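See below for the structure under consideration.
Treat the numbers as computed from the prediction; the structure is a model and nothing was measured.
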Amino acid sequence: MKEFTINGSVMKCYPLNSAQRLHNYTIRYCPHQVLNIGTGLYIQVGVDFDVLKQSIYEACNRLDSMRIRFIKDEDDTVYQYIVPFEEREIPLVDFSYWKEEDAHHEMEKWTAVPFERYNSPMNQIVMVKLPNGYNGVYLKVDHMTMDSSSIIAFDRDVLEIYCAKMYGREMPKPMMSYIKQLEKDLAYEGSAAQKKDEEFWLNEIASSEPMYTDFTGMGRLLTQRRENNNPDQRSALVVSKSVAAGISVYHLEKEPSDRLMQFCIDNQIPMVCLLLMGLRTVLSKFNDNEKDVSVKSVVARRGTLLEKRSGGSRMHFFPLRTIIEPETTFIDAIKIIQNEQNKLFRHANYDPIAHTMNRSKHWNLQPGASYESMALTYQPLTLKQQQTSEEDMPDIPYKSMWYTNGVAGQPLYLTVMHRVEDNGLNFNFEYRYDVVSEHEMEYLYYYLCRVLFRGIEDKDRTVGEILEMI
């Protein structure tokens with residue numbers, strides 16, 4: 001911790017945590033807008049916007065990470081500090097007479113505008129009227145201050161405060177200290193726990209070299225093997241001339257989404273493991289039925305109450321590698337994935353940048369080379385799923401949006417989330433235009449669904465049988 005004099009006041013400033021350092025590393029190579037997360041939450045009910053504005057102010061006051069600022073020292077090291085609450089202007093924009101797609105396109109433009117990085121607010125809030133009676137909040141945040149779990153928690157806090165003011169419901173429980181959690185994260189660095197995690201990951205790296213499996217098939221790896229005159233090459237470089245990107249969303253209907261959820265409940269497996277099973281099987285199919293498949297798995301690191309309610313950015317990326325034989329049954333393969341995922345969770349506090357550098361050094365990878373072609377995150381939290389009773393929130397229609405910022409830090413990133421409207425699954429593909437085509441994503445999504453439903457209709461089918469069926 002260091003002290004800086006900022007605007008005449010002495011402020012306690014803290015180092016970045018490992019998740020923030022990962023994002024800060026990203027903006028060395030991408031436009032700063034890559035860290036913008038734009039979302040919208042809209043409800044189909046008349047809204048008192050004066051009360052909504054006061055509810056937003058209270059939520060910002062309650063969640064420290066909505067008041068994070070960044071500063072650089074003389075060595076270009078980035079620090080962070082929390083400013084006292086201030087009532088910044090929250091405008092109201094009326095899109096009610098627009099075409100809805102035009103309104104959302106306008107908010108995509110907002111999302112592409114980068115923040116001033118230092119000594120400046122790292123979020124933007126706008127109250128919005130949409131067509132068809134939907135009203136709500138557009139929120140843009142910097143990923144170094146908030147992640148998807150934080151955003152959902154903030155949105156829920158705003159709505160619960162609003163309902164308390166409008167309908168006499170109880171105020172939500174207080175949020176928790178961001179600085180307290182940050183101090184715990186910083187205390188981990190150099191600790192015995194960190195050394196234990198590092199030993200685990202170094203052993204994983206040294207065990208054997210993974211195999212790259214591409215979301216478009218074997219062409220990329222085969223081409224680089226020829227170019228490098230190395231027929232045994234197992235890593236690959238996903239070359240991208242441009243970071244320009246978009247988001248395509250595929251909506252799985254409620255009934256099939258419910259079947260996937262029920263399968264997980266009946267077999268006591270996490271949904272993320274079912275999704276990983278589907279994705280790794282598709283990558284196997286696309287790469288000549290390769291048994292050794294790795295996917296970047298995103299860990300939210302929100303296990304404790306303090307972690308869940310302190311906001312901030314806590315997501316870590318780690319490789320989830322599985323070697324699954326074709327005679328393995330669908331359910332047994334999921335259990336293999338679950339076992340690997342549990343090991344990953346136990347050591348997920350380790351710095352993912354350090355792990356990436358250690359792996360590259362051990363296997364002598366060229367800069368930018370990897371064994372994973374894409375990343376997956378499953379976001380289980382929605383406003384409806386977090387309800388503890390039928391009385392928590394009014395039963396009114398909701399609509400949520402995630403807006404592209406126009407660029408991406410990696411070629412293909414799949415986020416699977418539940419829709420607030422009906423709890424069905426949305427598959428959100430963020431992709432770089434010059435690496436992935438929309439047709440290729442549709443193809444990937446189509447095969448992903450085929451694997452999932454061929455598997456859950458008979459969990460004792462073997463992986464080999466499913467690969468033949470699809």
### Task
Output yes when a side-chain donor or acceptor of Asp142 lies under 3.5 Å from a complementary backbone atom of Met122, and no otherwise.
no

### Summary
Rounded to the nearest 0.5 angstrom, the SG-CG distance for Cys264 and Leu275 is 7.5 Å

#### Entry: Geometric cation-pi criterion, Lys343 with Phe318: 6.0 Å, 45°
no

#### Entry: Least distance between heavy atoms, Leu41 atom then Asp155 atom
CD2-CB, 3.7 Å

### Message
side chain to side chain donor-acceptor pair (under 3.5 Å) for Asn36 and Thr111? Distances and angles first, verdict last.
### Response
CA-CA 6 Å; Asn36 290 1; Thr111 307; over 6 Å; no

### Query
Under 4.0 Å between a Lys/Arg side-chain N and an Asp/Glu carboxylate O for Arg359 and Glu372?
yes

### Query
Do Tyr445 and Tyr443 have their ring centres less than 6.0 Å from each other?
no

### Task
Check Glu209, Arg321, Lys296 against Tyr371 for a side chain to side chain donor-acceptor pair (under 3.5 Å) and give me the one that passes.
Glu209

### Message
Assess the residue pair Glu438 and Tyr433 against the criterion (side chain to side chain contact (heavy atoms under 4.5 Å, CB included)); give the C-alpha distance rounded to whole Å, side-chain angles, the decisive distance to 0.1 Å, and a yes or no.
### Response
CA-CA 8 Å; Glu438 192 151 1; Tyr433 293 129; over 6 Å; no

### Query
What do the steps show when you test Arg21 against Glu189 for salt bridge (Lys or Arg N to Asp or Glu O under 4.0 Å), and what is the final call?
CA-CA 13 Å; Arg21 292 197 297 269; Glu189 299 183 9; 3.0 Å; yes

### Task
Verify whether one side chain among Arg302 and Ser150 offers a donor that lies under 3.5 Å from an acceptor in the other.
yes

### Atom pair CD (Gln338) and CG (Leu344), whose distance is rounded to the nearest 0.5 Å
13.0 Å

### Task
Give a yes-or-no answer on whether the side chains of Tyr212 and Gln233 include a donor-acceptor pair shorter than 3.5 Å.
no

### Message
I'd like to know if the side chain of His316 reaches the main chain of Ala348, judged simply by a donor and an acceptor atom lying under 3.5 Å from each other, with no hydrogens or angles considered.
### Response
yes

### Query
With side chains defined as the heavy atoms from C-beta onward, is the minimum distance between Lys109 and Val113 less than 4.5 Å?
no

### Query
How about Gln268: does its CD atom have over 12 heavy atoms from other parts shown lying under 6.0 Å from it?
no

### Message
Within the 4.5 Å heavy-atom criterion, are Pro411 and Phe215 side-chain neighbours or not?
### Response
yes

### Partners meeting side-chain hydrogen bond (donor to acceptor under 3.5 Å, both in side chains) with Gln341 (sequence neighbours left out)
Ser297

### Task
Please lay out, stage by stage, how Ile71 and Asp73 fare under the test side chain to side chain contact (heavy atoms under 4.5 Å, CB included).
CA-CA 7 Å; Ile71 189 171; Asp73 68 7; over 6 Å; no

### Summary
Value for CG (Leu414) from CD (Glu430), rounded to nearest 0.5 Å, stands at 11.0 Å

### Message
With side chain to side chain contact (heavy atoms under 4.5 Å, CB included) as the criterion, how do Gln410 and Ser370 come out once you've worked through the C-alpha distance, each side chain's angles and the decisive distance to 0.1 Å?
### Response
CA-CA 11 Å; Gln410 52 192 319; Ser370 181; over 6 Å; no

### Task
Apply side chain to side chain contact (heavy atoms under 4.5 Å, CB included) to Ala193 and list each qualifying residue two or more places apart in sequence or on a separate chain.
Tyr188, Ser191

### Task
Enter the distance from Ser360:OG to His355:NE2 here, rounded to the nearest 0.5 Å.
9.5 Å

## Note on the structure
Sorted by chain and residue number, the side-chain hydrogen bond (donor to acceptor under 3.5 Å, both in side chains) partners of Glu101 (sequence neighbours excluded) come out as none

### Message
Any heavy-atom pair between the side chains of Val78 and Tyr118 that's under 4.5 Å?
### Response
yes

### Task
Flag the pair Val243 / Arg432 as yes when at least one side-chain heavy-atom distance between them is below 4.5 Å, and no otherwise.
yes

### Query
Any chance the side chains of Thr322 and Glu340 put a donor and an acceptor closer than 3.5 Å?
no

### Centroid-centroid under 6.0 Å between His104 and Tyr403 rings
yes

### Query
What is the minimum heavy-atom distance between Val34 and Gly409, and which atoms define it?
CG2-N, 3.5 Å

### Message
Working to the nearest 0.5 angstrom, can you tell me the gap between Leu376 CG and Thr415 OG1?
### Response
7.5 Å

#### Entry: Flag for Ser208-Arg234: side-chain donor and acceptor within less than 3.5 Å
no

### Message
Can you confirm whether more than 12 heavy atoms, excluding those of Met1, are under 6.0 Å from its CE atom?
### Response
yes

### Query
Does atom NZ of Lys184 have more than 12 heavy-atom neighbours, drawn from other residues, nucleotides or ligands, at distances under 6.0 Å?
no

### Query
Without hydrogens or angle criteria, can the side chains of Tyr138 and Glu106 be said to hold a donor-acceptor pair below 3.5 Å?
no

## Note on the structure
For Ala236 and Leu221 the tightest heavy-atom approach is CB-CD1, 4.2 Å

### Query
side chain to side chain contact (heavy atoms under 4.5 Å, CB included) between Leu222 and Arg225: does it pass, once the steps are laid out?
CA-CA 5 Å; Leu222 294 176; Arg225 282 176 172 176; 4.0 Å; yes

### Message
Which residue is it: Thr216, Leu444, Thr213? I am looking for the one with a side-chain contact (heavy atoms from CB on, under 4.5 Å) to Phe286.
### Response
Leu444

### Message
Does atom NE2 (His362) have a neighbourhood of more than 12 heavy atoms from anything else shown, all under 6.0 Å?
### Response
yes

Distance-only check: which donor-acceptor pairs under 3.5 Å involve side-chain atoms of residues 198-205, not counting sequence neighbours?
| unit_1 | atom_1 | unit_2 | atom_2 | d |
| --- | --- | --- | --- | --- |
| Glu198 | OE2 | Tyr350 | OH | 3.0 |
| Trp201 | NE1 | His347 | O | 3.0 |
| Asn203 | ND2 | Glu199 | O | 3.2 |

### Message
Measuring centre to centre across the rings, with the benzene-like ring taken for any Trp, is Phe4 within less than 6.0 Å of Tyr81?
### Response
no

### Message
Taking side-chain hydrogen bond (donor to acceptor under 3.5 Å, both in side chains) as the definition, give me every residue that meets it alongside Arg450, ordered by chain and number, with sequence neighbours left out.
### Response
Tyr446

### Query
How close do Met11 and Val83 get, heavy atom to heavy atom, and via which atoms?
CE-CA, 4.5 Å

#### Entry: Ser373 and Asp214 side chains, donor-acceptor separation under 3.5 Å
no

### Query
Is the shortest heavy-atom distance from the side chain of Asn123 to the side chain of Thr145 under 4.5 Å?
no

#### Entry: Beyond-backbone contact of Phe317 with Thr356, side-chain heavy atoms, under 4.5 angstrom
no

## Note on the structure
Rounded to the nearest 0.5 Å, the SG atom of Cys60 sits from the CZ atom of Arg62 at a distance of 11.5 Å

### Message
Taking side chain to side chain contact (heavy atoms under 4.5 Å, CB included) as the definition, give me every residue that meets it alongside Glu307, ordered by chain and number, with sequence neighbours left out.
### Response
Gln181, Thr304, Arg314

### Query
If every non-hydrogen atom of Ser149 is compared with every non-hydrogen atom of Gln379, which pair is closest and at what distance?
OG-NE2, 3.4 Å

### Query
Under 3.5 Å, is there a donor-acceptor pair between the Asp266 and Gln262 side chains?
yes

### Flag if over 12 foreign heavy atoms under 6.0 Å of NZ, Lys12
no

### Query
Taking the side chain as C-beta and beyond, is there a heavy-atom pair between Glu442 and Ser248 under 4.5 Å?
no

### Query
Do the side chains of Leu467 and Pro326 get nearer than 4.5 Å, heavy atoms only?
no

